[in-house]
Each structure stands twice: as C-alpha cells, then as structure tokens.
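Here is the structure we will look at.
One-based numbering along the sequence shown.
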Amino acid sequence: MEKVEVKELLDAGVHFGHLTRKWNPNMAPYIYMERNGIHIINLYKTAAKIDETCAALSKIAASGKKILFVATKKQAKDIVAEKAGAVNQPYITERWPGGMLTNFVTIRKAVKKMASIDRMKKDGTFNSLSKKERLQVDRLRAKLEKNLGSISDMTRLPGALFVVDIMREHIAIKEAQKLNIPIFAMVDTNSDPRQVDYVIPANDDASKSINKVLSIVTSAIEDGLNERKAEKAADKEGKAKPAKKAKKAVANEEEE
C-alpha cells in the first residue's frame, strides 16, 4: 500500500475545501481553518482517514468481493476509469443507471443482452439481419456499452461503493444505504459526512486531488487482491502435497 504523506496531499491540493458560505456544519471536525473565504481541510485527519479506508478496502478485496467506483463528474471520469480498471474493479462514470443496486436483476438482464449481441456477431446471426436491424442492434450495443460496459463482469452486488462527490452521486448513495452496502467516499466541505461509512475529507473537484487519493486507495485494493492470490496458491499447494504423499505411498506398497 502507498504510504500517505501529508506533504504529497498538500501538493495535490487535497486541502482546498469550498467557499465558507457553502459549507456543511457536519464537516467542522475535519476543517483546519478558513483562508480567503475558503475552508482548509485538516490533512492530518485526511491522512488518518485514508489509512482507515485503505485497511477496510484491502480486506474487502481480499475476501473476493468487488468494489464499485462511482464518479460521473468531468474531472473524475477518466481518473476513475483508469485507476479502477487497473485493479479490475467495476466503475460507473456515465449517468448512474437508476436501480443499479436496488434493481440489480434488471441491470444484469441488460448486461446479458449486450453479451447476446456479441454472440450474434461471432456466430454470424448478425449478418443475416437487414441493414436497418443491424444499425438498430449496433446502436443498442453502443448505448449499453457506454452505460454498463464497465460492470459487465459484476455478477453480484458489490461489497462496497467508492464515491467521488456524494452530493452529485446522491442516488447511488441512497441505493447503497437501502441495501446496507458500505460507502467509502471523498467528502468535500459542502457535503454531509454522516451519509458515508468511511469518510475521506478531501477536495473532490480538482483532478490532481482525485488522482492522488484514488492512487493510494487502488494501491490498497491491489494489496488485498495479491493477498487473495497468495492464499489461493498456498491452498492449492497444501492440497497438492497430501495427494503427492498418497501417490508415493501407493507406489511404495506396489514395490513391496
């Protein structure tokens, strides 16, 4: 896991909050001071919260559950797609599909539809359609890919949600709350941290800040995944040894 350095958080502008008049009083414990009408976030508290978040996310990843990243704001889209994709985690960077969590069965049907179109193209069925039908199918496939492409491998509900800007992604937050899915989030000074299980007080508007926090978080997830791989490899080895011993014992008996 990447070590959290307060200086690096400072350099990335993680400490810049919103205008003081836009603040949410529930963020008071995480605010260090006010400067030129802007709240400054206490980065020592941010670093401690990142450590807490990373430990929890690493455990979830090690358990084999997926972490769904949600960030539809322009500054965060590409960063989330790159970072979450690099550790093989699902993400939503376009419009949040209503019922994504609470009506997961319907979402899975849409994903299966996408897979069936791909099969049509492979087995030649697609070519037997008329030109107009092919165009319609292609449009449907493109629309599904845009909205659901990054979650096509998600066969069950995620083990956690990681959100950038909880005010913007309020629908996702509500759905996760209904299903008791743990919520991890970057929370700026204009938001209510009580909606989130694991708060990272941070600037959620600047791409440098988002990139820095996401780098640390996905590094912890990667550690969890590596731990899972190592455990699986050890289990395989453990099962293989008794089998080898049994074979050796049988061979010795035959020799006798």
Side-chain angles (χ1 to χ4, degrees), residues 60-61 64-179 181 183-186 204-208 210-211 213-215 217-218 221-222 225 228-229:
I60 291 167
K65 291 176 183 174
K66 293 284 187 185
I67 295 136
L68 176 62
F69 285 77
V70 186
T72 59
K73 70 198 301 180
K74 194 181 174 186
Q75 309 93 299
K77 278 184 180 189
D78 293 343
I79 297 165
V80 166
E82 180 201 333
K83 301 289 182 189
V87 288
N88 199 28
Q89 299 301 313
Y91 55 88
I92 297 285
T93 53
E94 296 302 324
R95 185 183 64 83
W96 174 263
M100 164 74 216
L101 300 175
T102 51
N103 197 6
F104 190 64
V105 175
T106 305
I107 297 294
R108 281 302 302 159
K109 278 180 188 171
V111 171
K112 281 176 184 172
K113 178 71 180 170
M114 197 162 66
S116 74
I117 293 170
D118 291 342
R119 276 197 302 276
M120 280 170 64
K121 289 189 174 185
K122 276 183 185 174
D123 64 20
T125 316
F126 181 76
N127 297 324
S128 65
L129 300 173
S130 68
K131 191 178 178 182
K132 188 182 178 183
E133 284 172 329
R134 284 203 303 268
L135 192 64
Q136 285 172 339
V137 169
D138 272 337
R139 278 182 185 154
L140 174 63
R141 176 69 178 77
K143 189 182 176 184
L144 289 169
E145 175 64 42
K146 187 181 180 185
N147 293 323
L148 306 171
S150 64
I151 61 155
S152 54
D153 295 331
M154 203 169 81
T155 54
R156 55 181 175 155
L157 284 168
L161 208 67
F162 189 97
V163 179
V164 178
D165 193 339
I166 62 171
M167 284 183 77
R168 187 184 177 95
E169 314 303 345
H170 62 280
I171 299 170
I173 296 281
K174 277 179 185 166
E175 287 192 30
Q177 285 170 340
K178 271 185 188 175
L179 298 168
I181 294 170
I183 302 162
F184 296 75
M186 287 178 70
D204 64 12
D205 289 314
S207 52
K208 266 181 87 176
I210 296 164
N211 189 62
V213 172
L214 264 287
S215 293
V217 163
T218 50
I221 291 170
E222 192 172 10
L225 294 171
R228 182 171 169 78
K229 273 184 196 170

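- In this structure Lys66 satisfies the salt bridge (Lys or Arg N to Asp or Glu O under 4.0 Å) test with no other residue, sequence neighbours excluded.
- If you take CE on Met100 and CD1 on Ile92, they are separated by 5.0 Å, rounding to the nearest 0.5 Å.
- The closest side-chain heavy-atom distance from Val217 to Ile67 is not below 4.5 Å.
- Counting all heavy atoms, side chain and backbone alike, Met186 lies closest to Ile210 at CE-CA, 3.9 Å.
- Across every non-hydrogen atom of Ala84 and Thr218, the tightest pair is N-CG2, 4.4 Å.
- Ser207 pairs by the side-chain hydrogen bond (donor to acceptor under 3.5 Å, both in side chains) definition with nothing, not counting sequence neighbours.
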Under 3.5 Å, which donor-acceptor pairs do the side chains of residues 134-141 form with other protein atoms, sequence neighbours left out?
{"unit_1": "Arg134", "atom_1": "NH1", "unit_2": "Leu129", "atom_2": "O", "d": "2.8"}
{"unit_1": "Asp138", "atom_1": "OD1", "unit_2": "Lys121", "atom_2": "NZ", "d": "2.7"}
{"unit_1": "Arg141", "atom_1": "NE", "unit_2": "Asp118", "atom_2": "OD1", "d": "2.7"}
{"unit_1": "Arg141", "atom_1": "NH1", "unit_2": "Glu145", "atom_2": "OE1", "d": "3.0"}
{"unit_1": "Arg141", "atom_1": "NH2", "unit_2": "Asp118", "atom_2": "OD1", "d": "3.4"}
{"unit_1": "Arg141", "atom_1": "NH2", "unit_2": "Asp118", "atom_2": "OD2", "d": "3.2"}
{"unit_1": "Arg141", "atom_1": "NH2", "unit_2": "Glu145", "atom_2": "OE1", "d": "3.4"}

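- Nearest heavy-atom pair, Leu161 versus Ala176, reported as atom, atom and distance to 0.1 Å: CD2-CB, 3.7 Å.
- Within the structure, side chain to side chain donor-acceptor pair (under 3.5 Å) contacts touching residues 156-170 (residues at least two apart or in different chains) are Thr72-Arg168, Thr72-Glu169, Lys73-Asp165.
- With Ile151 as the fixed residue, the side chain to side chain contact (heavy atoms under 4.5 Å, CB included) test singles out one of Pro97, Pro90, Pro158: Pro90.
- Under the 4.5 Å side-chain criterion, counting only non-hydrogen atoms from C-beta, Val164 is not in contact with Ile79.
- Here the OG1-NZ distance, from Thr93 to Lys146, works out to 9.5 Å after rounding to the nearest 0.5 Å.
- Going from atom OG1 of Thr155 over to atom NZ of Lys112 covers 10.0 Å, rounded to the nearest 0.5 Å.
- Under the side-chain contact (heavy atoms from CB on, under 4.5 Å) criterion, Thr106 pairs with Asn103, not counting sequence neighbours.
- Residues Leu214 and Phe162 form a side-chain contact, since some pair of their non-hydrogen atoms from C-beta on lies under 4.5 Å apart.
- A donor-acceptor contact shorter than 3.5 Å links the side chain of Glu175 to the backbone of Leu101.
- Put simply, CZ on Phe104 and CG on Leu157 are 5.5 Å apart, with the number rounded to the nearest 0.5 Å.
- Note on residues 80-89: pairs passing side chain to side chain donor-acceptor pair (under 3.5 Å), not counting sequence neighbours, are Lys83-Ser215.
- Residues Val70 and Ala172 come closest through the heavy atom pair CG1-CB, 4.3 Å.
- Remark: Ile183 CD1 to Ile166 CD1 distance equals 8.5 Å, nearest 0.5 Å.
- Taking all atoms of both residues into account, the shortest heavy-atom contact from Leu148 to Ala110 is CD1-CB, 3.5 Å.
- Remark: Lys77 NZ is packed, more than 12 non-hydrogen atoms of other residues, nucleotides or ligands lying under 6.0 Å away.
- Scanning all heavy atoms of the two residues, the minimum distance from Ala160 to Ile60 falls at CB-CD1, 3.7 Å.
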